[in-house]
Amino acid sequence: MGLYAIGDLHLSIKGNKPMDVFGPGWADHTARLEAAFSRLGEGDVTVLCGDTSWGIDFEESLEDFRFIDRLPGRKLLVKGNHDYWWGTAAKMRRFFAENGLTTLDILHNNCHVYGDYALCGTRGWFYEEERSGHNEKVLNREVGRLEASLRGAEGRPVLAFLHYPPLYTGYRCPEIIRALEAHGVERCYYGHLHGPAHKRAVEGRVGGVDYRLISADWLGFIPKKILD
């Protein structure tokens, strides 16, 4: 049994979003993901840190989720900025149940437990989004969602999973970082960064939190093992 994380699968099995247009590193990425996941067991848990499917709604994303459901182990989904299919928790769980997707659940406004650890997370915030007007409200909502998830830890050691990086070369999101540090988060895993942006990722301990990039192309499409 193990805990894994990977972000940005960018699946489009029945759609028209081939990822190899972003460079040869994305060639055959769906097959590479399937091969990597084949090494996992049914008792393993993988956190998918956003941008899972290019589908714009449940119907368009269904084949992507059938693919994920067939992969070994349980999967916890975090929302990404390209997850246009995302709905309310009730609608998503009903969609999973109605389509026999038994290995999928969401990490959003809630907390899951793995061994002694609490798994917490949300989409997060990034400098690409302007911090004014309506977007200020979205930032505050994301901080609130993260806080709600972290409160669910109830004293357990915490691993946090975000889609957006909370810090980046030349950028910090103080509101998100403050929440992580205030709740004693040990490690924070994030995605979103691809290609040339990899070199600007922050990895390592900053302010008591250990940050790690887990975008699929950064990991070579192999889920990163976090815990046994």
With heavy-atom distances below 4.5 Å as the criterion, would you say the side chains of [X] and [Y] are in contact?
X	Y	answer
Val158	Leu119	no
Arg172	Ile177	yes
Glu136	Asn140	yes
Phe67	Lys14	no
Pro165	His192	yes
Leu167	Cys173	no
Tyr189	Val47	no
Tyr190	Tyr164	no

Look only at the side chain of [X] and the backbone of [Y], and say whether a donor-acceptor pair between them is shorter than 3.5 Å.
X	Y	answer
Asp69	Thr102	yes
Asp228	Gly2	no
Ser61	Asp64	no
Ser53	Gly55	yes
Asp83	Thr52	yes
Ser149	Leu146	no

Distance-minimising heavy-atom pair for [X] and [Y]:
X	Y	answer
Leu40	Pro72	O-CB, 3.5 Å
Asn110	Arg93	ND2-NH2, 3.5 Å
Ala179	Leu150	O-CD1, 3.7 Å
Thr169	Val202	N-CG2, 4.1 Å
Leu3	Tyr114	N-OH, 3.3 Å
Val78	Cys49	CB-CA, 4.0 Å

Where do Asp51 and Arg123 land on the side-chain contact (heavy atoms from CB on, under 4.5 Å) test, with the steps shown first? CA-CA 10 Å; Asp51 284 5; Arg123 187 187 71 165; over 6 Å; no
Stepwise side-chain contact (heavy atoms from CB on, under 4.5 Å) test for Tyr117 and Arg156: CA-CA 6 Å; Tyr117 282 84; Arg156 298 179 181 89; over 6 Å; no
Please evaluate residues Trp86 and His108 with respect to the criterion side-chain contact (heavy atoms from CB on, under 4.5 Å), reporting the C-alpha separation (whole Å), side-chain torsions for both, the decisive distance (0.1 Å), and the verdict. CA-CA 11 Å; Trp86 194 278; His108 185 77; 3.7 Å; yes
Residue among Thr46, Asp105, Thr103, Asp44 satisfying side-chain hydrogen bond (donor to acceptor under 3.5 Å, both in side chains) with Lys75: Thr103
Name the residue from Glu147, Glu142, Arg145 that meets the side-chain hydrogen bond (donor to acceptor under 3.5 Å, both in side chains) definition with Thr122.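 Exactly one pass, corresponding to Glu142.
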Please report the C-alpha distance between Phe37 and Arg39 in whole Å, then the side-chain angles of each, then the deciding distance to 0.1 Å, and finally whether the side-chain contact (heavy atoms from CB on, under 4.5 Å) criterion is met. CA-CA 5 Å; Phe37 268 90; Arg39 303 166 198 158; over 6 Å; no
Is [X] atom [atom1] crowded by more than 12 heavy atoms from other residues, nucleotides or ligands, each under 6.0 Å away?
X	atom1	value
Lys225	NZ	yes
Glu59	CD	no
Asp57	CG	yes

Checking [Y] against [X]: is there a side-chain donor and acceptor pair closer than 3.5 Å?
X	Y	answer
His82	Tyr84	yes
Arg74	His112	yes
His163	Asn81	yes

Quick check: [Y] with [X] (ring centres under 6.0 Å apart)?
X	Y	value
Trp85	Phe95	no
Trp26	Phe221	yes
Phe126	Tyr171	yes
His10	His194	yes

Drop me the distance from [X]'s [atom1] to [Y]'s [atom2], to the nearest 0.5 angstrom.
X	Y	atom1	atom2	answer
Ile6	Phe161	CD1	CZ	13.0 Å
Leu101	Arg66	CG	CZ	7.5 Å
Leu159	Cys120	CG	SG	8.5 Å
Lys224	Leu213	NZ	CG	9.5 Å
Glu34	Arg70	CD	CZ	7.0 Å
Leu48	Ile68	CG	CD1	6.0 Å

Consider only side-chain heavy atoms of I, L, V, M, F, W and Y, link residues closer than 4.5 Å, and tell whether Ile222 and Ile226 are in one cluster.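 No: no chain of side-chain contacts under 4.5 Å links Ile222 to Ile226.
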ILVMFWY cluster, Ile56 and Phe65 together (side-chain gap under 4.5 Å): no
